Amino acid sequence: MDMDFFKAKDTITVAKALLGTLLTYDHLGQQYAGYIVETEAYLGQIDAASHAFRGKRTVRNEALFAPSGAIYIYQMRGLYLLNVITAAKDTPEGVLIRGIEPVINLTQMIENRHGQKGINVTNGPGKLCQAMALHTLSYNGKRFGEVPLDIEVDHRAVPKTVLAASRIGVPNKGEWTEKALRFYVAHNPYVSKLPKKMMDFKTRGWQTDESTNF
DNA sequence: TTGACGATGCCCT
DNA sequence: GGGCATCGTCAAA
């Protein structure tokens, strides 16, 4: 991953810019990849929904304080959730990857998801990690590309429209519950909790046939 | 096809 | 022992 990607970008800008980039992972001889279609920005100490709200710093969220380009993975109810760190060292801001569109190795992804098919393979933050067999905390604090987990920001699909909405699973946090800090590729079927009638299975919300970029 | 809810593992107090 | 940046199942339309 080219670290210039983060240059002069705040966390919200990074969250939008990540849409359409390619998330890749190599594990046990299997290669996995998918276009990022949904992200959420978490704005550090001031954000009531952030793991680092009011500067909270523990062994679990330590990677949030790493410099931009670092990986932050944590577990919830036995699932793994993947974040991109976006700001300078000791500024605990990041972006949660909430959905990807499978590009490479869909067959193995379905198997990893215990037979779940279609959009259910990768339309959620826990689901996409399970699909790619990403189930380790050992990459925490490492940089994308330094380990078999990477984000390709050059070979990318271009969203026709990017929409913003409130974040999912953030209840009772006042203004931070309402803020539009979730970003997604309009009409892409792999966006979590998108109403079926909004999905476009033909263009999937990309500007052009993104397969030609690959 | 959508919304409600219970299961579930682990970190933190 | 509480709480959680979730998921899959079930029931009703």
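Lettering follows sequence order; numbering is per chain, from 1. Remember, it's a predicted structure, so these values are computed and weren't measured experimentally.
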Between [options], which nucleotide gets closest to the side-chain atoms of [X]?
{"X": "Asn83(A)", "options": "dA5(C), dC7(C), dC4(C)", "value": "dA5(C)"}
{"X": "Arg77(A)", "options": "dA5(C), dC7(C), dC4(C)", "value": "dC4(C)"}
{"X": "Leu96(A)", "options": "dA5(C), dG8(C), dC7(C)", "value": "dA5(C)"}

Give the rounded distance in Å between these two atoms: [atom1] of [X] and [atom2] of [N].
{"X": "Met76(A)", "N": "dA5(C)", "atom1": "CE", "atom2": "P", "answer": "5 Å"}
{"X": "Trp176(A)", "N": "dA5(C)", "atom1": "CH2", "atom2": "P", "answer": "15 Å"}
{"X": "Glu38(A)", "N": "dA5(C)", "atom1": "CD", "atom2": "C1'", "answer": "12 Å"}
{"X": "Leu64(A)", "N": "dA5(C)", "atom1": "CG", "atom2": "P", "answer": "12 Å"}

Partners of [X] by salt bridge (charged side-chain N to carboxylate O under 4.0 Å, His left out), sequence neighbours excluded?
{"X": "Arg60(A)", "answer": "none"}
{"X": "Arg113(A)", "answer": "none"}
{"X": "Glu178(A)", "answer": "none"}
{"X": "Asp200(A)", "answer": "none"}

Not counting sequence neighbours, list each pair that qualifies as a ring-ring contact (aromatic ring centres under 6.0 Å, His included) and has a residue in residues 83-104 of chain A. none
Dot-bracket line, read 5' to 3' along DNA chain B, where crossing pairs take [ ] and | marks a partner on another strand, Watson-Crick or G-U under 3.5 Å: |||||||.||||.
Is there a residue in residues 132-151 of chain A whose heavy atoms reach under 4.0 Å of DNA chain B, and which residues are they? none
Nucleotides bounding contact with chain A, strand DNA chain B, heavy-atom threshold 4.0 Å: dT1(B) to dC12(B)
N/O donor-acceptor pairs under 3.5 Å from side chains in residues 16-24 of chain A, not counting sequence neighbours:
unit_1, atom_1, unit_2, atom_2, d
Thr21(A), OG1, Leu18(A), O, 2.7
Thr24(A), OG1, Asp150(A), O, 3.4

Find which nucleotide of DNA chain C each of Lys173(A) and Gln130(A) is nearest to by heavy atoms, and output the residue with the more 5' nucleotide. Lys173(A)
Less than 4.0 angstrom between a side-chain N/O of Arg98(A) and OP1 or OP2 of dT6(C), yes or no? yes
Would you say dG8(C) has OP1 or OP2 under 4.0 Å from some side-chain N or O of Arg113(A)? yes
Expected output is a numbered-order residue list: members of residues 41-58 of chain A with a heavy atom under 4.0 Å from any atom of DNA chain C. What is it? Tyr42(A), Ala49(A), His51(A)
Relative to the ring of Tyr32(A), is the ring of Tyr25(A) parallel (under 30°), tilted (30 to 60°) or perpendicular (over 60°)? parallel
Is [X] touching bases, backbone alone, or none of the nucleic acid, heavy atoms closer than 4.0 Å?
{"X": "Gln75(A)", "answer": "sugar-phosphate"}
{"X": "Leu81(A)", "answer": "sugar-phosphate"}
{"X": "Arg60(A)", "answer": "sugar-phosphate"}

Side-chain polar contacts of residues 114-127 of chain A - donor-acceptor pairs under 3.5 angstrom, sequence neighbours left out - could you list them?
unit_1, atom_1, unit_2, atom_2, d
Thr122(A), OG1, Ile100(A), O, 2.7
Asn123(A), OD1, Lys127(A), NZ, 2.9

Should Ile12(A) and Phe53(A) be regarded as members of a common hydrophobic cluster, given that ILVMFWY residues are connected when their side-chain heavy atoms come within less than 4.5 Å of each other, either directly or indirectly? no
Connected via hydrophobic side-chain network under 4.5 Å: Leu81(A) and Val14(A): no
Without placing hydrogens or testing angles, list every side-chain donor-acceptor pair under 3.5 Å for residues 65-79 of chain A, not counting sequence neighbours.
unit_1, atom_1, unit_2, atom_2, d
Tyr72(A), OH, His51(A), ND1, 2.8
Gln75(A), NE2, Tyr80(A), OH, 3.1

Near Met198(A) CE, under 6.0 Å, is it more than 12 heavy atoms from other residues, nucleotides or ligands? no
Start with the C-alpha distance between Arg204(A) and Tyr35(A), add both sets of side-chain angles, then the distance that settles side chain to side chain contact (heavy atoms under 4.5 Å, CB included), and finish with yes or no. CA-CA 11 Å; Arg204(A) 301 186 300 288; Tyr35(A) 291 119; over 6 Å; no
Indicate yes or no for a side-chain donor-acceptor contact from Asp47(A) to the backbone of Gly44(A) under 3.5 Å, with no hydrogens or angles considered. no
